[in-house]
Trainee: 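Have a look at this one before I ask anything.
Note that ligands are numbered from 1 as they come in the structure, with each ligand's atoms numbered from 1 the same way.
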Amino acid sequence: MDDWKTRTKLIHSGIRRSQYGEVAEAIFMTQGFVYDSAEQAEARFQKAGPDEFIYARYGNPTVRMFEDRIAALEGAEDAFATASGMAAVNGALTSMLKAGDHVVSSRALFGSCLYILEDVLSRFGVDVTFVDGTDLSAWKNAIRKDTKAVFFETMSNPTLEIVDLRAVAKLARRVGATVIVDNVFATPVFSRALEQGADVVVYSATKHIDGQGRALGGVVLGTKDFIRGTVEPYLKHTGGSMSPFTAWIMLKGLETLDLRVRAQASAAQAMAEALQWDARLERVIYPGLEQHPQHGLAMEMLERPGTMLALDIKGGRDAAFRFLNALKILVISNNLGDAKSIVTHPATTTHQRLPDEQKAALGITPGLVRISLGIEDPEDLIADVKQALDAV
Ligand SMILES: *Cc1c(COP(=O)(O)O)cnc(C)c1O
């Protein structure tokens, strides 16, 4: 099973069939489990075996199928599935940190991740140093002998900057710091984060893994020791576990994940190439374009440079709004990784909360729009974007 290729793993890994031999994964829609005897209950509370369950917050057969399948894809020893991507980020960080610990994080983070690192951790006495994630000397200066963890998004939102995972992991390893990465934009299909030096990989399964806009979910992946010894006790007791129904949706999402993200990445590359010299744009940001400042690093780190792109439209916020309102196929929303192509105006939505100078520092200009490519016909998508640019 370890030598299965990705698409085979995504269909067959982790399957647990009941006595009925069902083809599609069963949804074990139960919060608890009945024991044959008092002795069996006692024994299971002492130590539950791999196919023994106690309570759905601790584990459930459908959830375990999802955990085993995504762990097989990622090449991780184990995984813990969570109610949302944020439960996964919070679980990975909070389960291993305590007052007095030091963390280094990149500043370009998803808004809720920034809230955990900037507001929550500091309230509990964790000292967090923020750096420009693309600047290796900044990481070098910020990582100390007593640094406990480093955290970053391997590809940042919304400006698609790449952090050199191998180099940062090397710096972290020297002081024994745990490398935790939020790998949503890189996707589990295109990234080999664990091989490149990450200790812990976190996904919002809400994005490409579901990929059809139905459910919130997340997952933390790492060594068996870290997942079962550190993450699971924290998450199962604080309530961040995934529901069985969500796990079933995510299992079905995994079956088509590879096909979808490859189609999405092809559409992103085609759209970026079709627009890169368009005079109505300040810039087209896509790591697969040679003009992207980190094109070389992106191609080294990732099999394909992702399913997202960003356009900086000349004329600022008014032009960006006219563009969004003129689109006929792409929908205005803030999800990503969906089968439907989605457009977002970060400055007024996902990053609205940030002060103007921070937006500027992160490259979130008034004209910036973020596009998540779906699986529609790329020609239709490019035509839609072009006609919307005409309307600007
Ligand atoms: C969406 C997202 C999250 C949070 O995931 P939810 O499932 O919405 O809780 C975290 N990090 C990144 C990079 C994201 O895109």
Side-chain angles (χ1 to χ4, degrees), residues 63 66 70 79-94 105-121 133 150-163 165 180-191 193 198 200-221 231 235 238-243 245-247 249-250 253-254 257 261 264 268 287 302 306-310 333-338 340 342-346 349-354 362-364 370-374:
V63 175
F66 169 69
I70 183 90
F80 192 89
T82 56
S84 69
M86 287 323 303
V89 172
N90 185 53
L93 288 165
T94 316
S105 169
S106 62
R107 177 155 280 288
L109 293 180
F110 183 73
S112 304
C113 295
L114 190 61
Y115 176 77
I116 290 175
L117 282 139
E118 204 167 38
D119 295 53
V120 179
L121 290 181
V150 302
F151 179 80
F152 53 94
E153 291 168 18
T154 43
M155 189 192 290
S156 75
N157 173 29
T159 50
L160 312 180
E161 288 179 348
I162 317 278
V163 175
L165 169 54
I180 304 174
V181 300
D182 179 335
N183 214 24
V184 165
F185 278 57
T187 83
V189 171
F190 298 143
S191 163
V200 181
V201 181
V202 175
Y203 290 103
S204 163
T206 315
K207 311 295 166 53
H208 302 85
I209 294 174
D210 173 10
Q212 287 149 89
R214 299 166 293 193
L216 287 171
V219 64
V220 188
L221 298 119
V231 173
L235 277 166
T238 56
S241 310
M242 179 179 276
S243 91
F245 186 63
T246 297
I249 291 173
M250 298 306 175
L254 284 178
L257 176 71
V261 299
Q264 290 169 317
L302 301 171
T307 67
M308 309 286 296
L309 64 83
S333 185
N334 39 269
N335 190 19
L336 64 97
D338 198 271
K340 296 184 175 70
I342 290 173
V343 63
T344 311
H345 186 245
T349 59
T350 51
H351 294 71
Q352 191 187 95
R353 195 170 76 92
L354 294 184
L362 294 175
I364 302 167
R370 186 190 80 181
I371 296 177
S372 168
L373 277 298

Trainee: How long is the straight-line distance from OG1 of Thr350 back to CD1 of Ile364, given to the nearest 0.5 Å?
Mentor: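 Between atom CD1 of Ile364 and atom OG1 of Thr350 there are 7.0 Å.
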
Trainee: What do you reckon, does Ala88 put a non-hydrogen atom under 4.0 Å from ligand 1?
Mentor: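 False for this residue.
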
Trainee: Distance from His208 atom NE2 to Leu254 atom CG, nearest 0.5 Å?
Mentor: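 Nearest 0.5 Å value for the NE2-CG distance: 13.0 Å.
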
Trainee: Could you tell me, atom by atom, which parts of ligand 1 come under 4.0 Å of a heavy atom of Ser84?
Mentor: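 With Ser84 as reference, the close atoms of ligand 1 come out as 7 (O), 9 (O).
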
Trainee: Give me the residue, atom name and distance of the protein heavy atom closest to atom 3 (C) of ligand 1.
Mentor: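 Here the closest protein heavy atom is Phe110 CE2, 3.4 Å.
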
Trainee: Nearest protein heavy-atom contact for atom 6 (P) of ligand 1: which residue, which atom, what distance?
Mentor: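 Atom 6 (P) of ligand 1 sits closest to the protein heavy atom Gly85 N, 3.4 Å.
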
Trainee: Mind checking the OG-CZ spacing from Ser191 to Phe185? Nearest 0.5 Å is all I need.
Mentor: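 Answer for the OG-CZ pair, Ser191 versus Phe185, is 14.0 Å.
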
Trainee: Quick check on side chain to side chain donor-acceptor pair (under 3.5 Å): which of Asn183, Thr187, Asp182 does Thr154 satisfy it with?
Mentor: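 The residue from Asn183, Thr187, Asp182 that satisfies side chain to side chain donor-acceptor pair (under 3.5 Å) with Thr154 turns out to be Asn183.
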
Trainee: Under 3.5 Å between any N/O of Met86 and any N/O of ligand 1: does that happen in this structure?
Mentor: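 It does: an N or O of Met86 is found under 3.5 Å from an N or O of ligand 1.
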
Trainee: Going by the closest heavy atom to atom 7 (O) of ligand 1, which one wins out of Thr350, Thr206, Leu109?
Mentor: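 That would be Thr206.
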
Trainee: What's the spacing between Met308 CE and Leu373 CG if we round to 0.5 Å?
Mentor: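 It comes to 8.5 Å.
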
Trainee: Give the atoms of ligand 1, by number and element, whose distance to some non-hydrogen atom of Val184 is under 4.0 Å.
Mentor: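 Result: 12 (C), 13 (C), 15 (O).
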
Trainee: With a cut-off of 4.0 Å, which atoms of ligand 1 are near a heavy atom of Gly217?
Mentor: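 Those atoms are 7 (O).
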
Trainee: Only heavy atoms count here, so choose which of Ile116, Val202, Asp182 is nearest to atom 13 (C) of ligand 1.
Mentor: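 Residue with the shortest heavy-atom distance to the ligand atom: Asp182.
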
Trainee: Please state which protein non-hydrogen atom is closest to atom 1 (C) of ligand 1 and give its distance, to 0.1 Å?
Mentor: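 Heavy-atom neighbour on the protein nearest atom 1 (C) of ligand 1: Lys207 NZ, 1.3 Å.
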
Trainee: Identify the two heavy atoms, one from Asp210 and one from Thr206, that lie closest to each other, and give their separation to 0.1 Å.
Mentor: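 That would be CB-O, 4.1 Å.
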
Trainee: To check you understand the geometry: which heavy-atom pair defines the closest contact between Pro287 and Met155, and what is its length?
Mentor: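 What the structure gives for the nearest pair is CG-CE, 4.1 Å.
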
